[in-house]
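Each remark here refers to the structure printed beneath this line.
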Protein chains: 2
Amino acid sequence: MQKQDSDINLTACHDISDDEVVLSGIEVLQRHYGRLSDVCVKDLAQCISVARFGKSEVIIEMGAVADDLFFLRQGSARAYYLKDGREITDWFAFEHDFICAINSFYTQNPSPHYIASIEPMVAGVIHAPDMQMLCRKHHDFEHLCRNITTDTMLRLQQRIVALQFESAQQKYENLLVKYPEITNRVAVGHIASYLGITNETLSRIRHKRAS
Amino acid sequence: MQKQDSDINLTACHDISDDEVVLSGIEVLQRHYGRLSDVCVKDLAQCISVARFGKSEVIIEMGAVADDLFFLRQGSARAYYLKDGREITDWFAFEHDFICAINSFYTQNPSPHYIASIEPMVAGVIHAPDMQMLCRKHHDFEHLCRNITTDTMLRLQQRIVALQFESAQQKYENLLVKYPEITNRVAVGHIASYLGITNETLSRIRHKRAS
DNA sequence: CATTTCAATTGATATAGATCAATTTAGGAA
DNA sequence: TTCCTAAATTGATCTATATCAATTGAAATG
């Protein structure tokens with residue numbers, strides 16, 4: 001089932017060539033996180049590969065040391081872990097977002113997270129050792145990476161505020177402000193666990209809003 | 001009251017000289033986050049000042065653009081914000097921890113957070129523009145800062161997991177594992193809001209545990 | 001196109017934790 | 001020491017959200 005899905009979606013994604021993914025990806029990164037020298041861009045391009053996945057494919061398994069960092073160019077993905085056998089989604093990524101098994105990528109420990117595609121997706125991939133190497137070699141790349149990490153840190157900070165003392169309704173409203181079209185792209189169940197509430201509660205909140 | 005407290009505690013902290021705070025602080029930083037060249041250490045030492053506060057002093061007011069980053073050498077502090085007039089503690093810092101108005105420090109926007117000392121504290125201070133300057137000038141310092149940010153990011157990630165789906169009891173137990181002596185140093189009320197629960201609930205949990 | 005399967009919704013009930021109110025305790029000031 | 005203020009505890013409810021169970025809906029499969 002996964003196989004067939006994947007094939008179908010692969011073709012659907014062939015409008016973007018690998019080179020396009022890498023080059024336009026690097027351009028977007030520079031715009032968001034800091035300019036790179038030409039030498040650095042060349043080195044970086046060498047280290048990036050392209051990954052394509054169909055709908056709902058598991059990309060990283062829990063328990064593995066996962067040193068891939070994905071930068072999405074199309075589609076969407078999520079990171080999740082299991083709590084009492086139930087999937088809890090921790091992170092969403094859409095176009096221009098990063099996703100990785102955050103603990104594993106930065107500490108080389110086995111990942112408590114799974115990563116899976118949601119929609120068919122295309123992403124640039126870099127491996128942790130390559131990133132380290134590029135950081136050591138190019139000061140401007142280390143600067144860019146620091147900016148990315150800072151940005152991620154600030155987002156996580158925001159989420160903590162949301163989870164710490166907001167009602168289920170408030171959390172959902174805030175999510176919709178940040179990602180207005182998330183409900184068209186992501187299963188409601190994933191959104192619920194992301195907000196720290198049950199499917200049923202989210203369903204009722206959505207019902208109230210609709211009426 | 002704040003004034004008098006402060007005077008008393010200032011004297012209590014005079015066992016560490018300013019130079020000691022700066023130099024041993026830089027040493028600790030290097031041990032945790034990466035070695036620096038001698039030139040860099042010299043430059044960095046130039047940019048660090050020392051701040052001393054008494055018990056329960058407000059260090060940063062909400063609404064201010066706060067570009068101070070504190071590295072604690074003694075005592076403790078917390079960051080908090082107001083939600084419906086109630087203080088919600090967001091972050092604790094003890095010896096060897098950083099604390100700043102995280103949003104303000106990294107984005108130069110007015111801070112939604114207050115920062116206050118808990119116990120009398122001594123800290124090294126660096127200003128955001130100086131940090132930026134040092135990052136630009138010294139690749140090794142930028143590397144160190146990236147490591148600090150990465151570390152902070154991973155901690156925030158851990159807290160999200162804790163807040164997302166754990167019971168009040170579980171959250172308290174986990175906190176005690178991480179900071180076994182926190183209850184001797186921090187008011188129970190601050191701990192409660194940090195965990196996203198009310199004072200009363202935490203009090204009852206503590207009662208159950210004690211028996 | 002029919003069938004299977006999984007996700008979402010809806011309903012009924014249970015409960016963890018919030019809220020409100022009253023006491024007790026403890027740390028700082030006189 | 002004694003007083004005073006604020007924090008912590010304890011008790012009695014209340015409520016938002018979880019849980020359990022059943023039904024509906026929609027997408028994937030043959």
Side-chain angles (χ1 to χ4, degrees), chain A residues 1-9 12 54-57 78 80 83-89 116-120 162-173 182-211, chain B residues 1-9 12 54-57 78 80 83-89 116-120 162-173 182-211:
Chain A
M1 164 244 180
Q2 228 95 334
K3 263 265 188 66
Q4 283 162 316
D5 256 22
S6 161
D7 291 338
I8 290 159
N9 296 308
K55 202 175 162 175
S56 304
E57 287 190 64
R78 69 192 176 101
Y80 62 97
K83 166 104 185 169
D84 306 325
R86 177 178 298 193
E87 287 184 9
I88 298 183
T89 294
S117 59
I118 299 172
E119 304 163 308
L163 286 169
Q164 205 170 11
F165 261 111
E166 283 178 4
S167 69
Q169 174 116 22
Q170 278 177 306
K171 288 189 275 190
Y172 183 61
E173 307 273 357
I182 196 171
T183 47
N184 303 323
R185 301 183 65 180
V186 175
V188 179
H190 300 153
I191 295 175
S193 70
Y194 181 78
L195 297 175
I197 61 180
T198 58
N199 294 357
E200 293 92 329
T201 297
L202 182 52
S203 187
R204 283 182 248 269
I205 287 169
R206 284 159 56 77
H207 179 82
K208 249 196 294 178
R209 282 174 52 85
S211 64
Chain B
M1 168 242 182
Q2 228 94 337
K3 262 264 189 66
Q4 283 161 313
D5 255 21
S6 161
D7 291 341
I8 291 159
N9 295 308
K55 203 175 161 175
S56 304
E57 288 190 64
R78 67 193 178 102
Y80 62 97
K83 165 103 186 171
D84 307 326
R86 176 177 300 193
E87 288 185 7
I88 298 182
T89 294
S117 60
I118 298 172
E119 303 163 307
L163 287 170
Q164 203 169 13
F165 261 110
E166 281 178 5
S167 69
Q169 173 115 22
Q170 278 178 308
K171 287 189 276 189
Y172 182 61
E173 307 272 358
I182 196 171
T183 48
N184 304 322
R185 302 182 64 179
V186 175
V188 179
H190 300 153
I191 295 174
S193 70
Y194 180 79
L195 297 176
I197 61 181
T198 58
N199 293 357
E200 292 92 330
T201 297
L202 182 53
S203 187
R204 282 183 248 269
I205 287 169
R206 284 159 54 80
H207 179 82
K208 248 195 296 178
R209 281 175 52 86
S211 63

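These values consider heavy atoms only, across backbone and side chains, with no hydrogens, waters or symmetry-generated copies. Here is the naming used below: chain letters follow the sequence lines, and residue numbers restart at 1 for every chain.
When each of C/dA18, D/dA21, C/dA8 is scored by its nearest atom to the side-chain atoms of A/A187, the top-ranked nucleotide is C/dA8. When each of C/dG28, D/dA12, D/dT19 is scored by its nearest atom to the side-chain atoms of B/K55, the top-ranked nucleotide is C/dG28. Which of D/dT19, D/dA12, C/dG17 sits closest to the side chain of B/A168 comes down to C/dG17. Ranking C/dA18, D/dT17, D/dG11 by closeness to the B/E200 side chain, first place goes to D/dG11.
The closest side-chain heavy-atom distance from A/E87 to A/R78 is below 4.5 Å.
Taken over five-pair windows at either terminus, the axes of the helix from C/dC1-D/dG30 to C/dA30-D/dT1 are inclined to one another by 50° (rounded to 10 degrees).
In this structure, B/R185 pairs ionically with B/E119, as a charged nitrogen and a carboxylate oxygen lie closer than 4.0 Å.
One interatomic measurement links the two molecules: NE2 of B/H190 to P of D/dA6, which rounds to 14 Å at whole-angstrom precision. Atom CG of A/L202 is separated from atom P of C/dT9 by 8 Å (rounded to the nearest Å). Atom CG of B/L195 and atom P of C/dA16 are 18 Å apart (whole Å). The separation between A/N184 atom CG and C/dA8 atom P is 13 Å, rounded to whole Å. Whole-Å rounding puts the B/E87 CD to D/dA6 P distance at 13 Å. Following rounding to the nearest Å, A/H207 (NE2) and D/dT24 (P) show an atom-to-atom distance of 15 Å. If you take CG of A/L163 and P of D/dA16, they are 19 Å apart, rounded to a whole angstrom. Remark: C1' of C/dA18 and CD1 of B/I205 are 13 Å apart, rounded to the nearest angstrom.
The side-chain contact (heavy atoms from CB on, under 4.5 Å) test with B/K171 is passed by exactly one of B/I205, B/L202, B/I191, B/L195: B/L195.
Shortest non-hydrogen contact noted between B/S117 and B/G54 is OG-O, 2.6 Å. Closest approach of A/N199 to A/G189, counting heavy atoms only: OD1-CA, 3.4 Å. The two residues B/S193 and A/F165 make their nearest non-hydrogen contact at O-CE1, 3.6 Å.
Contact check, A/R206 against C/dA8: no side-chain N or O comes under 4.0 Å of OP1 or OP2. For the pair A/S203 and C/dA8, the criterion of a side-chain N or O lying under 4.0 Å from OP1 or OP2 is not met. Taking side-chain N and O atoms only, B/R86 has a distance below 4.0 Å to OP1 or OP2 of C/dT19. For the OP1/OP2 pair of D/dT17 and a distance below 4.0 Å, the side-chain nitrogens and oxygens of A/T198 include no atom meeting the criterion.
If you check the side chains of A/Y172 and A/R206, you find a donor sitting under 3.5 Å from an acceptor.
A residue-by-residue look at A/V188 and A/F165 shows that A/V188 has its nearest nucleotide of DNA chain C further toward the 5' end.
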